[in-house]
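Here's the structure, in structure tokens; my notes come after.
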There are 2 protein chains.
Amino acid sequence: MSVTRERIMELAEELILTRGYNAFSYQDISSELGIKNAAIHYYFPSKANLGTSIIKNNGQRFEEMVQNMKIMKFDEAKQLESFLRIYAKSNREQKICVIGSLGPDFNTLPEASQAELKQMTNRILQWLSSILETGRNSGIFSFKGDSRNRALLILSNMIASLQLTRVLDKTEFKGIHQTLLDDLKG
Amino acid sequence: MSVTRERIMELAEELILTRGYNAFSYQDISSELGIKNAAIHYYFPSKANLGTSIIKNNGQRFEEMVQNMKIMKFDEAKQLESFLRIYAKSNREQKICVIGSLGPDFNTLPEASQAELKQMTNRILQWLSSILETGRNSGIFSFKGDSRNRALLILSNMIASLQLTRVLDKTEFKGIHQTLLDDLKG
DNA sequence: GTCTATACCTTGATAGAC
DNA sequence: GTCTATCAAGGTATAGAC
């Protein structure tokens with residue numbers, strides 16, 4: 001995979017997470033790379049293709065993380081912590097997450113991107129539900145209701161707190177994050 | 001205030017809540033109204049102005065709701081319920097909320113819109129914190145931690161659950177909503 | 001006071017040069 | 001295989017007609 005291609009993906013992802021899908025253009029990327037906007041079309045024939053590739057890439061990175069945690073034999077608390085750390089990092093970098101950026105724009109996305117985003121979101125929720133369920137059974141977590149709803153609540157909190165700290169103050173994220181963890185202690 | 005002006009605001013708000021700020025144009029509105037796009041500029045000289053007006057309008061509707069609940073002497077449980085009902089309605093109409101739509105686009109918004117959105121969000125959080133605090137003191141609610149963080153969690157859940165049900169399924173909203181209320185019962 | 005004709009710029013994308 | 005010249009469509013906004 002060429003270096004140019006990788007840099008395009010990096011930049012495009014950064015633009016999506018800081019300014020949104022409909023606010024960035026091929027020219028934003030090409031001018032940064034010192035090439036013409038049309039050069040991007042060689043690597044990614046359409047914006048739809050570029051967007052979908054970025055979602056796919058994100059999904060893969062999530063799967064890798066899950067695999068790594070399995071190999072390292074992390075318990076459920078540690079797995080959740082690692083997952084939440086992704087969002088803490090995004091917060092420091094003033095980025096929101098892929099779901100939180102593309103979710104609001106969902107109706108304007110090409111079909112392939114919609115499908116990819118749906119799949120990734122479901123995978124994350126499936127994984128999160130499962131560690132919550134297992135963690136509760138082994139006494140690590142304490143919460144009411146079924147684990148799918150709890151996973152939805154936690155994911156919601158992560159998605160929107162990144163968005164809120166953009167409108168409010170970066171430091172508010174920590175309070176949300178901590179309260180959420182305290183709740184799970186029962 | 002002219003009828004055309006009101007219809008423009010209605011349509012613009014709907015477009016923002018279904019497609020996002022950077023995905024709608026003056027032409028989307030004008031073609032729906034059967035006039036030329038430039039006619040909108042008579043009522044709203046710039047898109048920045050239109051966007052800011054819509055946020056302002058939303059903030060005013062929130063203040064009116066708060067005032068009404070005061071007059072009706074709603075207790076804290078009823079006030080919270082009314083507030084959450086706004087989001088349930090949005091969910092039925094396949095809309096997200098103003099904060100959830102404009103938050104992700106924050107960095108691309110004109111300064112006046114940013115300021116207005118900040119102010120509105122802070123007002124909502126201030127109000128929500130206060131009814132949570134009062135409600136806990138009078139034994140209606142039960143939760144851990146300080147009320148500001150709890151308000152942030154609840155607002156996060158509402159914002160992101162609307163976005164998530166766009167990616168996932170409309171019915172998932174109800175689970176989130178109910179779990180959140182059950183949690184507050186202690 | 002209300003709206004149209006029109007300008008000017010940026011967008012995503014194609015065809016073809018090197 | 002990699003990139004440039006160029007295009008048609010659509011964006012916001014201004015000047016001025018009714």
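Per chain, numbering begins at 1; letters A, B, ... match sequence-line order. Excluded from the calculations below are hydrogen atoms, water molecules and symmetry mates; all remaining heavy atoms, backbone and side chain alike, are included.
Distance H41(B) NE2 to dA17(D) P: 19 Å, rounded to the nearest Å. Here the P atom of nucleotide dT10(C) and the NZ atom of K47(B) are 16 Å apart, to the nearest Å. Counting to the nearest Å, the P atom of dT10(C) and the CZ atom of F24(A) are 18 Å from each other. In this structure, I8(B) places its CD1 atom 11 Å from P of dT2(C), rounding to the nearest Å. Per the geometry, CZ belonging to R7(B) stands 17 Å off P belonging to dT2(C), to the nearest Å. Rounded to whole angstrom, the span from the CZ atom of R5(A) across to the P atom of dG1(D) amounts to 14 Å. We find that CD1 of I40(A) is positioned 9 Å from P of dC3(D), with the value rounded to whole Å.
For K144(A), the NZ atom sits in a packed shell: over 12 heavy atoms of surrounding residues, nucleotides or ligands are nearer than 6.0 Å. Annotation: K170(B), atom NZ; neighbour count of heavy atoms from other residues, nucleotides and ligands within 6.0 Å is above 12.
Residue Y42(A) places at least one side-chain N or O closer than 4.0 Å to OP1 or OP2 of dT2(D). Dashed line: the shortest gap from a side-chain N or O of Y43(B) to OP1 or OP2 of dC3(C) is under 4.0 Å. Contact between the side-chain N/O atoms of S25(A) and the OP1/OP2 oxygens of dT11(C) is found at a separation under 4.0 Å.
In this structure, R123(B) pairs ionically with E63(B), as a charged nitrogen and a carboxylate oxygen lie closer than 4.0 Å. Salt bridge annotation for R150(B)-D183(B): absent, with no cationic side-chain nitrogen under 4.0 angstrom from a carboxylate oxygen.
Side-chain N/O atoms of S161(A) and S156(B) include no donor and acceptor closer than 3.5 Å.
The stretch residues 26-39 of chain A touches DNA chain C through Y26(A), Q27(A), N37(A), A38(A), each having a heavy atom within less than 4.0 Å of the strand.
Looking at heavy-atom distances under 4.0 Å, F44(A) makes no contact with the nucleic acid at all.
For the pair K185(A) and F141(A), the cation-pi criterion (under 6.0 Å, within 45° of the ring axis) is not fulfilled.
Ring-plane geometry between Y26(A) and H41(A) is classed as tilted, the angle between the planes lying from 30 to 60 degrees on a 0 to 90 degree scale.
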